[in-house]
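Working notes, structure below.
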Amino acid sequence: MNQTKRSVTINPGMLCQPIGAMQAVLGIHGAISLVHGSQGCAAYPMRMFNRHFQEPVEIALSSLGEDAAVFGGADNLVKGVHTLAARRHPEMIVVLTTCLSETIGDDIDGILKKIEVPVTLIPVHTPSYVGSHVTGYDNAIKALVVHLAEQTGPTNKINIAIGLLNPGDIRELRSMLDKMRVKAILLTDLSETLDAPLILPRPTFPNGGTTLNEITDTANSLGSIAMCKHAGGSAMQYLANKHKVPVILGATPIGVANTDVFLENVSNLSGRPVADELRRDRGRLIDAMIDVHFKVAQKKVAIFADPDIASGMARFVHELGMEPSIIATGTESKEFVKDVQAIASQTGHEMEILSGCDLYGLHEAVKEVGVDLVMGNSHCKYIADDEKIAFARIGFPVFDRVGYQRRSIIGYEGGINLVDMITNSILDHADAA
Ligand code: SF4
């Protein structure tokens with residue numbers, strides 16, 4: 001089911017394309033996004049990042065006004081690139097289009113080719129009248145490998161496209177890979193750039209992040225995995241088509257079964273066995289699940305998140321003995337619908353599937369189906385409050401509680417965090433009733 005039959009969106013369930021692309025760029029060392037658009041196209045995403053990640057974030061802007069809307073924004077873009085290169089000395093500037101610059105028809109690829117600066121320039125097309133932040137992230141990761149990946153000789157690394165996840169998730173991923181002694185190129189790694197230690201004076205660009213050399217090297221890897229196929233899958237597929245790097249799309253390692261599959265995939269591509277330590281972590285997760293079984297079993301859940309997170313979460317709440325009753329995403333995707341239908345038929349649960357829904361549509365479904373728990377970003381709190389049901393925060397943005405971005409939801413450790421979060425939400429709600 002999708003919500004687009006209505007002629008108006010009420011409380012949008014997705015963000016615009018450039019914000020997803022910006023998040024991808026924030027995970028690259030020494031890189032900065034230059035948004036080719038007007039003020040709000042940079043101001044609102046920066047605020048969103050500040051609130052969710054609790055970190056200062058720098059986004060540059062070509063600052064298009066009325067004159068550019070009529071005569072074109074090339075002058076602003078050229079001046080913006082020169083100013084940014086001269087003042088901030090980045091290693092790479094990623095130019096992101098917006099609704100306005102795409103509608104004007106500025107040829108950013110052509111404009112960038114003529115600019116001479118000692119900085120790598122990458123154009124990314126992110127018009128926000130199509131797709132969502134998920135599409136923007138996917139487009140940005142693909143643009144990076146299209147422009148930078150180069151065959152120079154085989155390595156023993158694997159590529160992992162992360163998707164729109166948090167610093168805590170990337171740390172958990174690194175921990176799993178370290179336990180298996182697998183070397184990986186992460187596209188892109190914001191574990192340090194968006195969760196940096198306090199360093200004074202503050203460096204121009206945060207330490208950490210994926211380097212440009214690593215992105216170049218993705219063409220030489222043993223294989224690629226897109227943890228979230230909607231967000232990073234296109235880039236991994238491109239590496240397979242162009243550079244013959246074997247690709248696996250999914251599974252997002254949320255919960256027991258998906259993490260098992262993910263680790264098997266890592267093992268198959270890298271040739272490294274799944275470490276015994278990870279099997280112990282798996283056992284701890286299952287123990288945590290059994291401990292809470294009587295508190296959560298048969299509770300009906302509405303899940304609202306980006307497509308791969310929502311489908312991964314649906315499988316996990318099923319593993320917990322709960323009933324995934326509404327599985328919703330703000331990004332319209334046939335693939336998402338197919339994924340959730342497959343989970344429904346494998347698990348025998350009846351699920352309301354909402355693809356491309358807004359929060360009004362989600363609220364209507366919650367009222368109609370009747371659930372015990374809503375899982376979603378901070379905006380979904382109002383639905384849970386109105387319906388007097390429990391609420392667990394997942395996704396982006398989470399701005400009304402601290403620490404979400406530091407914890408993982410992926411891997412066995414992330415599963416334990418989710419068990420605690422889900423169970424405590426239900427217990428807190430019962431206490432408050
Ligand atoms: S104009 Fe388009 S790109 Fe800019 S903030 Fe609005 S939706 Fe996003």
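Each ligand, and each atom within it, is numbered from 1 in the order the structure gives.
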For this session: Apply side chain to side chain donor-acceptor pair (under 3.5 Å) to N377 and H52, showing your working.
Result: CA-CA 10 Å; N377 64 31; H52 178 89; over 6 Å; no
Exercise. Are N159 and S221 linked by a side-chain donor-acceptor pair shorter than 3.5 Å?
Worked result: yes
Exercise. Under a 4.0 Å N-O cut-off, is there an ion pair linking R393 with D400?
Worked result: yes
Problem set entry | Salt bridge flag under 4.0 Å for residues R6 and D358 | yes
For this session: Check the surroundings of atom OH in Y44: do more than 12 heavy atoms from other residues, nucleotides or ligands lie under 6.0 Å from it?
Result: yes
Exercise. Is S333 reaching over with its side chain to a backbone N or O of E335, donor-acceptor style, under 3.5 angstrom?
Worked result: yes
Exercise. Under 2.8 Å from atom 8 (Fe) of ligand 1, how many protein N, O or S atoms can be found?
Worked result: 1
Problem set entry | Any non-hydrogen protein atom less than 4.0 Å away from atom 6 (Fe) of ligand 1 | no
